[in-house]
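Lettering of chains follows the sequences in order, A, B, ..., and the numbering in each one begins at 1. Computed from a prediction, not measured in an experiment: that's the story for all the values here. Values below: all heavy atoms of this structure, side chains included; hydrogens, waters and symmetry mates excluded.
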There are 4 protein chains.
Amino acid sequence: MSAEAEEQDPKEKSKTRQSIGARKNPDTEMAILDAAAEIIAEKGIGGLRMEAVARKAKAGKATLYRWWPSRGALLLAVYQRNKPSMCYSNTGSLHEDFLHFAKDLTEIWQGETGLFFKAIIAESQSDPDVAEKLKDYHAERLEALATVVERAQLRGEISQKEDPATRAELLIGLMWQRLLNNRLDETIDEHIRMLANSET
Amino acid sequence: MSAEAEEQDPKEKSKTRQSIGARKNPDTEMAILDAAAEIIAEKGIGGLRMEAVARKAKAGKATLYRWWPSRGALLLAVYQRNKPSMCYSNTGSLHEDFLHFAKDLTEIWQGETGLFFKAIIAESQSDPDVAEKLKDYHAERLEALATVVERAQLRGEISQKEDPATRAELLIGLMWQRLLNNRLDETIDEHIRMLANSET
Amino acid sequence: MSAEAEEQDPKEKSKTRQSIGARKNPDTEMAILDAAAEIIAEKGIGGLRMEAVARKAKAGKATLYRWWPSRGALLLAVYQRNKPSMCYSNTGSLHEDFLHFAKDLTEIWQGETGLFFKAIIAESQSDPDVAEKLKDYHAERLEALATVVERAQLRGEISQKEDPATRAELLIGLMWQRLLNNRLDETIDEHIRMLANSET
Amino acid sequence: MSAEAEEQDPKEKSKTRQSIGARKNPDTEMAILDAAAEIIAEKGIGGLRMEAVARKAKAGKATLYRWWPSRGALLLAVYQRNKPSMCYSNTGSLHEDFLHFAKDLTEIWQGETGLFFKAIIAESQSDPDVAEKLKDYHAERLEALATVVERAQLRGEISQKEDPATRAELLIGLMWQRLLNNRLDETIDEHIRMLANSET
DNA sequence: ACCTAAGCGAGACGGTACGTCACGTCTTGTC
DNA sequence: GACAAGACGTGACGTACCGTCTCGCTTAGGT
């Protein structure tokens with residue numbers, strides 16, 4: 001009646017894990033993160049229920065709450081594990097580099113990861129822990145992109161006086177806004193041209 | 001432990017409304033939207049519960065669900081009623097206009113409205129209706145700011161060839177990103193200078 | 001794996017009950033008390049779980065707790081419904097009357113009712129509500145038996161000066177002690193002879 | 001909210017015990033029984049939790065379960081250690097002896113021991129081991145009191161033909177019933193007079 | 001002047017998920 | 001090999017909301 005597809009696949013080995021002494025069992029952690037990831041893939045993050053995770057991972061709710069005391073904590077743990085790895089090109093042209101960045105990110109975000117990232121932003125509005133982690137993550141991303149700008153400064157493409165983070169932040173802001181409005185498919189070329197030009 | 005402050009203020013007149021015949025009672029609508037707005041102000045949108053709204057508005061749950069069948073619908077109704085009114089300055093300088101826009105919006109968002117808007121963005125990630133409405137609203141805002149850019153084009157401040165929405169979107173994207181990361185207080189002058197300069 | 005026989009018999013009509021307005025639904029009450037009684041019959045009172053009752057009665061836990069806020073309350077409700085009806089004989093001889101009383105009670109208590117009553121006594125040691133109700137019930141029983149003694153006084157069988165409750169209480173105390181020690185099967189004739197004799 | 005007073009008193013020496021080799025450590029046993037006794041004193045027997053005992057005694061749960069595999073076993077062990085010692089007077093008058101017995105027992109039961117004994121009776125309804133031990137203990141008590149009756153028979157106070165246990169059991173039954181109904185404070189003189197008189 | 005129709009408050013109903021608690025079993029590392 | 005420690009799966013606890021429902025009341029508009 002209620003049980004849909006959230007039970008463990010019966011074909012998998014279903015020997016139940018047990019304690020391995022007074023310390024965290026890594027098998028348990030993996031099973032739980034796997035279960036959470038699958039559920040998110042199936043029903044979206046809004047459909048993530050602690051009970052369902054425990055059920056699917058064949059773990060006790062107490063175990064779940066011991067290590068991830070909230071939905072947000074679990075969410076972040078899953079994201080950390082599946083974090084997309086961006087690589088920042090170095091073509092010798094800021095415009096090209098920005099273009100690559102935008103295209104790569106668009107591609108990543110158009111898949112499952114985009115749903116995930118949107119959901120984390122949403123969650124961060126109500127869970128301070130998630131908000132903080134997201135802020136850190138965002139800062140890290142910003143810095144990475146700022147490095148790309150810095151290279152352009154060193155090449156003399158753009159003024160050395162401006163803060164490299166400025167252009168980076170404008171680009172990332174644009175991307176966020178597009179992501180959150182489901183408008184990733186719209187053109188972005190003109191925006192990038194503007195951000196990559198030589199003035200300050 | 002449970003009873004906090006969500007009961008109707010006993011000082012207010014608490015005569016219960018009733019049917020006024022076979023049609024919607026506008027008092028009821030107002031009472032419900034008021035109640036919802038107050039709850040959101042107190043606990044945030046994440047803390048908005050249909051039951052609590054009904055209780056506070058002294059309305060039956062059936063009445064609530066009759067007119068606003070979901071949390072999202074109620075949310076949007078409240079937002080429509082309390083929508084902040086931005087005014088777009090026309091100083092003859094794009095830089096000044098952008099600066100005014102950013103300062104005004106920052107001020108508005110630093111208050112309750114910001115919480116509200118963030119929450120709507122969050123909600124839009126799980127409620128398609130809200131997402132659609134938000135998209136419309138965003139487009140409308142974008143257009144309004146694009147008009148400011150257009151004026152600069154007409155004045156010859158910037159190139160006529162670029163799409164006026166481009167600069168507008170970059171600015172708005174920046175603002176969204178700042179809002180969602182709780183970084184509205186950080187400086188934004190350099191970004192605006194870059195967005196308002198004459199190249200494309 | 002866990003579900004044993006506590007699901008509703010599928011042969012019974014299983015249309016789910018619903019609200020009948022802003023008042024208690026007697027069907028629900030009956031279903032819950034039936035379910036509780038069955039569970040007690042199967043697993044004993046120690047095996048009575050609120051969740052299992054709700055499950056078997058196809059009722060929500062909230063409904064259960066709304067009307068019977070504790071295990072003890074539910075226990076008492078079931079007992080009230082199934083209360084054994086003792087009848088007190090009037091043979092013209094106190095000894096005979098006591099003997100009948102003891103035999104009847106022994107018979108009743110040797111069945112399911114005895115388990116039930118023992119469990120209520122046990123429960124009363126930790127639930128003050130149950131304790132109070134049990135005290136009332138005990139007082140009522142005592143009075144009924146005291147009436148038997150009183151008749152003997154009126155007949156002149158025993159002294160008019162003694163409190164008729166005295167003999168009654170000694171007999172009931174004996175019975176309780178036998179019940180609680182699982183010694184109902186041992187002889188009791190001599191005790192009754194002593195309690196029914198003419199002195200004070 | 002949860003942490004109350006069940007942690008070990010920090011003033012006490014809290015050096016943790018350890019194994020003394022491949023045999024039972026008597027310090028551990030004592031610490032556990034002490035902890036259990038204290039918890040029972042604080043929260044009643046219904047509040048006795050194996051986990052809490054282990055925590056308070058700074059013992060591992062495995063150790064606890066090794067020696068006392070159930071709540072009932074632990075309960076009995078504590079009771080054995082703290083068993084109240086009744087002494088049976090020998091005044092030369094059955095009435096006096098019974099009176100002393102009743103008064104002494106009332107006094108004992110009105111304190112902590114009474115709570116304890118009630119709880120054991122309650123526990124015995126669901127734990128067969130406890131039930132058996134309680135039955136033995138009860139028999140022992142009965143015999144002791146029967147000895148008092150026997151002395152009265154030898155003195156010629158009462159008939160030699162009756163079983164001395166009869167009167168004893170009636171008295172003890174009365175006491176149990178009073179204890180379990182929280183009616184120890186009510187008068188008992190008339191009952192004793194009746195039980196101590198010379199007829200059978 | 002009656003009758004129907006709908007809105008209204010109230011709140012009970014079957015559910016699902018929550019986060020906590022205790023259970024009894026297990027494994028580790030220390031003595 | 002006994003011990004403290006504490007993680008593990010299990011499952012009941014009591015609470016909070018969900019969205020649906022029926023009730024008894026009120027009023028407006030049609031007859």
Side-chain angles (χ1 to χ4, degrees), chain A residues 1-2 16-25 27-28 48-52 54-55 57-67 69-71, chain B residues 1-2 16-25 27-28 48-52 54-55 57-67 69-71, chain C residues 1-2 16-25 27-28 48-52 54-55 57-67 69-71, chain D residues 1-2 16-25 27-28 48-52 54-55 57-67 69-71:
Chain A
M1 181 173 294
S2 64
T16 155
R17 289 174 311 282
Q18 284 184 337
S19 170
I20 56 168
R23 66 196 209 284
K24 187 169 178 175
N25 184 341
D27 289 354
T28 296
L48 184 64
R49 304 276 167 252
M50 300 298 262
E51 292 223 23
R55 203 156 45 228
K58 285 198 166 309
K61 284 207 289 176
T63 305
L64 194 50
Y65 280 102
R66 181 162 24 244
W67 305 115
S70 73
R71 227 176 77 100
Chain B
M1 178 173 290
S2 65
T16 157
R17 287 174 313 283
Q18 285 184 336
S19 171
I20 56 169
R23 66 198 210 280
K24 186 169 176 180
N25 183 340
D27 289 355
T28 297
L48 183 64
R49 305 279 166 240
M50 299 298 261
E51 295 223 19
R55 207 179 320 134
K58 285 198 163 306
K61 289 209 292 174
T63 305
L64 192 50
Y65 279 102
R66 177 159 25 240
W67 306 115
S70 76
R71 225 176 79 100
Chain C
M1 179 173 294
S2 64
T16 156
R17 288 176 310 280
Q18 283 184 338
S19 170
I20 56 167
R23 65 198 209 282
K24 190 167 177 177
N25 184 341
D27 289 354
T28 297
L48 183 63
R49 304 276 167 250
M50 298 299 261
E51 292 223 22
R55 205 157 44 230
K58 286 198 166 307
K61 283 208 288 175
T63 304
L64 194 49
Y65 281 102
R66 180 159 28 239
W67 305 115
S70 74
R71 229 175 75 100
Chain D
M1 180 172 291
S2 64
T16 156
R17 288 174 314 283
Q18 285 184 338
S19 172
I20 55 169
R23 65 194 208 281
K24 183 168 174 179
N25 183 341
D27 289 354
T28 296
L48 182 64
R49 305 279 165 241
M50 299 298 262
E51 296 222 19
R55 206 179 322 137
K58 285 198 162 307
K61 289 209 291 173
T63 306
L64 191 50
Y65 280 102
R66 179 160 21 244
W67 305 114
S70 75
R71 226 176 77 102

With nearest nucleotides of DNA chain F determined for M50(C) and A59(D) from heavy-atom distances, which residue corresponds to the more 5′ nucleotide? A59(D)
Strictly below 4.0 Å: does R17(B) bring a side-chain N or O up to OP1 or OP2 of dG9(E)? yes
Report the residue from E51(D), R55(D), M50(D) that forms a side-chain contact (heavy atoms from CB on, under 4.5 Å) with K61(D). E51(D)
Expressed as a whole number of angstroms, how long is the span from E51(D):CD to dT20(E):P? 15 Å
Applying a 4.0 Å non-hydrogen cut-off, can you work out what A62(A) is touching in the nucleic acid: base, sugar-phosphate, or nothing? base
Note: for Y65(A) and G60(B) on DNA chain E, the residue whose nearest nucleotide lies more 5' is G60(B)
Measure from CG on L48(B) to C1' on dC18(F) and round the result to the nearest Å. 13 Å
Rounded to the nearest Å, what distance is computed from the CZ atom of residue R55(B) to the C1' atom of nucleotide dG11(E)? 12 Å
Looking at T28(C), I'd like to know whether one of its side-chain N or O atoms comes within less than 4.0 Å of OP1 or OP2 on dG14(E). yes
Between dG9(F) (C1') and D27(A) (CG): distance, integer Å: 14 Å
Checking the side chain of R17(C) only, and the main-chain atoms of K58(C) only, is there a donor and an acceptor separated by less than 3.5 Å? yes
Could you tell me which residues satisfy side chain to side chain donor-acceptor pair (under 3.5 Å) with Q18(A), sequence neighbours excluded, listed by chain and number? none
Contact letters for nucleotides 26-31 of chain F, in which S counts primed atoms plus P, OP1 and OP2 and B counts the base, heavy atoms under 4.0 Å: BBS---
State whether T63(C) places a side-chain N or O below 4.0 Å from either non-bridging phosphate oxygen (OP1 or OP2) of dG14(E). yes
Name all residues meeting the salt bridge (charged side-chain N to carboxylate O under 4.0 Å, His left out) criterion together with R71(A); count only those two or more places apart in sequence or in a different chain, and write none if there are none. E123(A)
Distance in Å, N25(B) CG paired with T63(B) OG1, rounded so as to fall on 0.5 Å steps: 9.5 Å
Starting from the 5' end of DNA chain F, give me the residue, K24(A) or L64(D), whose nearest nucleotide shows up first. L64(D)
Is it the case that dG9(E) (base atoms only) and K58(B) (side chain only) share a donor and an acceptor within less than 3.5 Å, ignoring hydrogens and angles? no
Checking only heavy atoms, does the side chain of K61(D) share a donor-acceptor pair with the base of dG6(F) at less than 3.5 Å? no
Does R66(C) have a side-chain nitrogen or oxygen under 4.0 Å from the phosphate oxygens OP1 or OP2 of dC13(E)? yes
Does a side-chain N or O of W67(B) approach OP1 or OP2 of dC8(E) to a distance below 4.0 Å, or not? yes
How many angstroms lie between OG1 in T28(C) and CD1 in I20(C), if you round to the nearest 0.5 Å? 7.5 Å
